[in-house]
Amino acid sequence: MPALDRIRGASRRTLYLVAAGVLVLAVVAVLVPVLLPERDGASECRKAPVSARALARDPARAAAALDPGETVERTGPLKRLLRPGGHPLCEGPDGTDLAGRALVAATTGRTAEEAGDDDVPARPHTERAARVAHATVLLLGRGRDQYLPDFPLGLNRYLALMFAAYIQDTSSAATHGAPPDWQHPTVTDEEAEYEDGGNWATPFPNGHDVHVVFPEYELARKVIGRVAADPRAFATLYDAERARYAFYLERLTDDAQEPGNRTEDGLMPTETELEQSATFVADLMASRTKAVHEGLAPSLAGFDRAVLRHTRGLYRPAGHRVRSRPSAATLAQRRPDRTAGTGQKAARRLMDGRIQLFTVFDAWAKERGVPPGRAERLRVAMDSRYVRALGLP
């Protein structure tokens with residue numbers, strides 16, 4: 001009997017200990033969420049919608065599903081894809097990669113795989129695709145705190161493909177934006193024509209393109225700046241703008257004028273377009289510096305080496321005037337004329353925007369016999385804009 005009493009006593013003590021343990025766990029479960037500081041959901045993320053897999057494979061279906069409409073009011077599907085508010089997308093295959101691939105399909109008319117393949121020709125943009133691109137910048141530009149873009153960096157490479165596919169519109173949006181009286185998310189070549197000649201959407205319209213009109217100049221600049229914080233995305237944007245720059249120069253007359261220009265001295269439109277390139281390139285360089293300052297990239301040298309690895313190469317305009325007017329959607333597909341080289345010296349040279357712009361410009365002006373006074377005027381205009389945009393003394 002004494003032995004049996006000891007067993008019973010031990011069982012009761014065990015039950016008491018278990019009960020006490022359960023009580024402690026219950027108290028901890030209640031108090032810990034209250035006592036620990038808020039983490040703003042920083043460690044929580046969400047996967048992309050399952051439907052994004054089908055959209056990523058079917059550009060037409062993706063554009064139709066994500067189209068916000070002519071008034072850009074139907075943004076629900078795009079919000080569910082990109083998650084600009086609340087818990088962000090998870091980085092990786094089921095989050096940013098999947099959402100990014102669906103976004104590229106919807107905005108470019110090509111799958112993400114096709115968008116990186118020069119052998120698959122780019123298609124002219126549709127109204128739907130351009131509206132999705134407009135709404136993307138509108139949503140991501142506001143960020144979760146309604147102030148700064150803070151989307152996951154895993155989206156950057158896909159956003160860069162989107163912006164590159166609209167490089168004429170992207171470069172314009174980041175430097176001066178659309179005319180203040182234009183209140184639509186897209187514009188056609190015909191709609192952008194001035195009554196007295198010229199075109200505010202593109203210097204060389206082919207009559208068949210649809211352009212995206214990105215919202216709010218500063219909003220577009222901030223989104224593009226965050227996209228450029230990733231070296232691979234930076235290379236995509238840098239390549240696209242330098243390809244556009246070469247495309248533009250080779251279509252000018254030997255007097256450095258846009259064909260058919262009616263302004264008094266003929267150089268004003270050329271100045272504007274070249275200043276646009278200088279500003280955009282300088283903005284990219286400033287974004288790179290900001291990325292390092294904010295800890296998004298380890299160092300300028302490391303960033304530059306990564307860009308050199310990802311760049312497609314260097315672009316040079318033809319030595320004669322080119323008269324063709326391809327779709328603006330194809331500009332970023334231009335094949336480079338040579339490689340950018342390897343090593344530290346090549347990286348420094350590639351990432352000096354002034355060198356890239358003026359080496360191309362000077363060779364073009366000399367080869368085409370542009371009058372020295374005109375060439376110098378354009379050179380000074382570009383340099384002034386570059387210095388101002390980069391914030392150099």
Side-chain angles (χ1 to χ4, degrees), residues 167-168 170-177 198-200 202-204 221 237-289 304 307 311 313-323 331 334 336-338 340-341 345-393:
I167 189 58
Q168 178 65 44
T170 297
S171 180
S172 173
T175 53
H176 52 75
N199 191 295
W200 62 260
T202 175
F204 299 112
R221 286 188 71 234
L237 295 173
Y238 195 28
D239 287 354
E241 180 56 26
R242 288 181 296 122
R244 191 190 76 85
Y245 180 63
F247 164 90
Y248 179 76
L249 287 174
E250 67 191 12
R251 283 166 175 76
L252 296 176
T253 67
D254 292 345
D255 286 333
Q257 293 184 204
E258 293 181 5
N261 178 261
R262 301 174 187 172
T263 57
E264 186 173 346
D265 67 357
L267 274 191
M268 186 64 71
T270 307
E271 271 190 30
T272 300
E273 203 68 25
L274 296 185
E275 286 174 342
Q276 178 175 313
S277 278
T279 302
F280 187 78
V281 169
D283 279 348
L284 287 180
M285 297 304 168
S287 296
R288 144 187 173 263
T289 304
D304 293 353
V307 173
T311 185
L314 306 179
Y315 300 85
R316 299 289 184 265
H320 60 279
R321 182 182 160 196
V322 176
R323 299 173 184 271
L331 297 185
R334 183 188 182 105
D337 297 283
R338 65 190 71 174
K345 184 177 180 180
R348 283 202 304 266
R349 187 173 180 82
L350 175 68
M351 298 301 283
D352 187 323
R354 270 172 156 169
I355 287 179
Q356 291 303 313
L357 291 170
F358 293 128
T359 297
V360 170
F361 178 83
D362 292 343
W364 167 80
K366 181 179 180 180
E367 194 165 14
R368 294 285 297 278
V370 177
R374 286 182 163 244
E376 182 61 19
R377 172 179 161 181
L378 294 173
R379 208 178 191 282
V380 169
M382 280 195 294
D383 196 42
S384 176
R385 283 303 179 100
Y386 188 91
V387 169
R388 193 184 313 167
L390 197 57
L392 294 175

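When reading the values below, keep in mind they use all heavy atoms of this one structure, side chains included, and skip hydrogens, waters and symmetry mates. Nothing here was measured: the structure is a model prediction, and the numbers come from that model.
Note that OG1 of Thr359 is 12.0 Å distant from CZ of Phe361, once rounded to the nearest 0.5 Å. Asp283 CG to Arg221 CZ: the interatomic distance, rounded to the nearest 0.5 Å, is 4.5 Å. Expressed to the nearest 0.5 Å, how far CZ of Arg242 lies from CG of Leu284 amounts to 10.0 Å. With rounding to the nearest 0.5 angstrom, the CD atom of Glu273 is 7.0 Å from the OG1 atom of Thr202. The CG atom of Asp255 sits 5.0 Å away from the CZ atom of Arg374 when rounded to the nearest 0.5 Å. Between the OG1 atom of Thr253 and the CG atom of Asn261 there is a distance of 9.0 Å, given to the nearest 0.5 Å.
Listed for the Glu250 side chain is no donor-acceptor partner under 3.5 Å among the backbone atoms of Val322. Remark: the backbone N or O of Met268 is paired with a side-chain donor or acceptor of Thr272 at under 3.5 angstrom. In this structure, the side chain of Tyr245 engages the main chain of Leu357 through a donor-acceptor pair within 3.5 Å. Side chain of Arg251 to main chain of Phe247: a donor-acceptor pair is present (N/O by atom type, distance under 3.5 Å, no hydrogens or angles). At least one donor-acceptor pair closer than 3.5 Å links the side chain of Asp337 to the backbone N or O of Arg316.
Electrostatic pairing of Arg244 and Glu241 counts as a salt bridge here, judged by a charged N lying under 4.0 Å from a carboxylate O. Comment: Arg354 engages Asp383 in a salt bridge, judged by a side-chain N to carboxylate O separation of less than 4.0 angstrom.
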Self-check item: Val380 vs Glu271, side chain to side chain contact (heavy atoms under 4.5 Å, CB included): CA-CA, chis, key distance, verdict
Solution: CA-CA 10 Å; Val380 169; Glu271 271 190 30; over 6 Å; no
Quiz prompt | Check against side chain to side chain contact (heavy atoms under 4.5 Å, CB included), Arg349 and Gln356 | solution = CA-CA 8 Å; Arg349 187 173 180 82; Gln356 291 303 313; 4.2 Å; yes
Exercise. Decide yes or no on side chain to side chain contact (heavy atoms under 4.5 Å, CB included) for Leu274 and Arg385, but give the supporting numbers first.
Key: CA-CA 9 Å; Leu274 296 185; Arg385 283 303 179 100; over 6 Å; no
Self-check item: Trace of the side chain to side chain contact (heavy atoms under 4.5 Å, CB included) decision for Tyr238 with Leu350
Solution: CA-CA 10 Å; Tyr238 195 28; Leu350 175 68; 4.0 Å; yes
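Scanning both residues, Pro203 and Glu258, for their nearest heavy atoms gives CB-OE2, 3.6 Å. The shortest heavy-atom contact between Glu275 and Ala381 is OE2-CB, 3.5 Å. The two atoms that bring Thr270 and Ala256 nearest to each other are OG1-O, 2.7 Å, heavy atoms only. Listed here is the closest heavy atom pair of Arg368 and Leu249: NH1-O, 3.8 Å. The two residues Pro317 and Val360 come nearest to each other via the heavy atoms CD-CG1, 3.4 Å. Contact record, Leu390 with Ala282: CD1-O, 3.4 Å, taken as the closest heavy-atom pair.
Using a 30° and 60° split on the angle between ring planes, Tyr248 and Phe204 fall in the tilted class, from 30° to 60°.
A heavy-atom distance below 4.5 Å is found between the side chains of Arg288 and Asp304.
Taking a 6.0 Å sphere around CZ of Arg334, one finds it holds more than 12 heavy atoms contributed by other residues, nucleotides or ligands.
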